[in-house]
Amino acid sequence: MANFRGFDTNRRIVSVLYNYATKFYTEKQRLEKAFYLLQSGTMNVMEVANAVGYSNPSHFAAVFKEKYGLNPRDFIRYRSQ
């Protein structure tokens, strides 16, 4: 006889996976918007962090650096050269 999980267990698994995927999708969208805003040169790092939903600029800088390889300030300097 096959071993099936109960409905509640399956629902929890789907919920965890969906929330996990949603978190990464949202973060990807925020970082792409931040990239665009920083590239446009109209806002500073703190303004961009707030505009895309990060209340902590340090956390924003760390996440941005992880994705793009440069922290936001260095990205602005590199862009302006």
Side-chain angles (χ1 to χ4, degrees):
M1 183 156 229
N3 184 9
F4 292 102
R5 293 186 176 102
F7 175 76
D8 287 337
T9 303
N10 285 337
R11 187 178 57 168
R12 273 185 262 138
I13 290 170
V14 169
S15 175
V16 168
L17 291 175
Y18 180 75
N19 287 336
Y20 186 73
T22 302
K23 176 187 173 210
F24 285 104
Y25 175 78
T26 303
E27 187 171 284
K28 179 180 179 245
Q29 294 300 311
R30 285 177 169 182
L31 290 174
E32 287 176 1
K33 174 87 176 193
F35 183 90
Y36 170 77
L37 292 172
L38 289 170
Q39 194 172 27
S40 71
T42 59
M43 301 170 87
N44 66 35
V45 175
M46 185 173 274
E47 291 170 332
V48 170
N50 287 327
V52 297
Y54 287 93
S55 59
N56 183 341
S58 298
H59 178 65
F60 165 68
V63 173
F64 188 90
K65 183 174 183 177
E66 185 178 315
K67 170 116 175 121
Y68 295 109
L70 291 170
N71 68 39
R73 279 188 172 61
D74 291 342
F75 178 79
I76 290 170
R77 284 188 203 119
Y78 179 76
R79 177 195 47 80
S80 65
Q81 291 180 356

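Among all heavy-atom pairs drawn from N50 and S55, the shortest one is OD1-CA, 4.2 Å. The minimum heavy-atom distance between A49 and P57, with the atom names listed, is CB-CA, 4.3 Å. Of all heavy-atom pairs between G41 and R79, the closest is CA-NH2, 3.7 Å. Closest approach of T42 to E47, counting heavy atoms only: O-OE1, 4.4 Å. For L37 against A51, the heavy-atom pair with the smallest separation is CD1-CB, 4.1 Å.
Counting only heavy atoms from C-beta outward, the side chains of N56 and Y54 never approach each other to under 4.5 Å.
For K67, the side-chain contact (heavy atoms from CB on, under 4.5 Å) partners at least two apart in sequence or on another chain are L31. Listed by chain and residue number, nothing satisfies the side chain to side chain donor-acceptor pair (under 3.5 Å) test with S58 (two or more places apart in sequence, or in another chain). For Y68, the ring-ring contact (aromatic ring centres under 6.0 Å, His included) criterion is met by F35, F64, not counting sequence neighbours.
E32 places no side-chain N or O within 3.5 Å of a backbone atom of Q29 that could act as its donor or acceptor partner.
Taking hydrophobic clusters as Ile, Leu, Val, Met, Phe, Trp and Tyr residues chained together by side-chain heavy-atom distances below 4.5 Å, V63 does not share a cluster with M46.
Atom CE in M43 sits 10.5 Å away from atom CD1 in I76 (nearest 0.5 Å).
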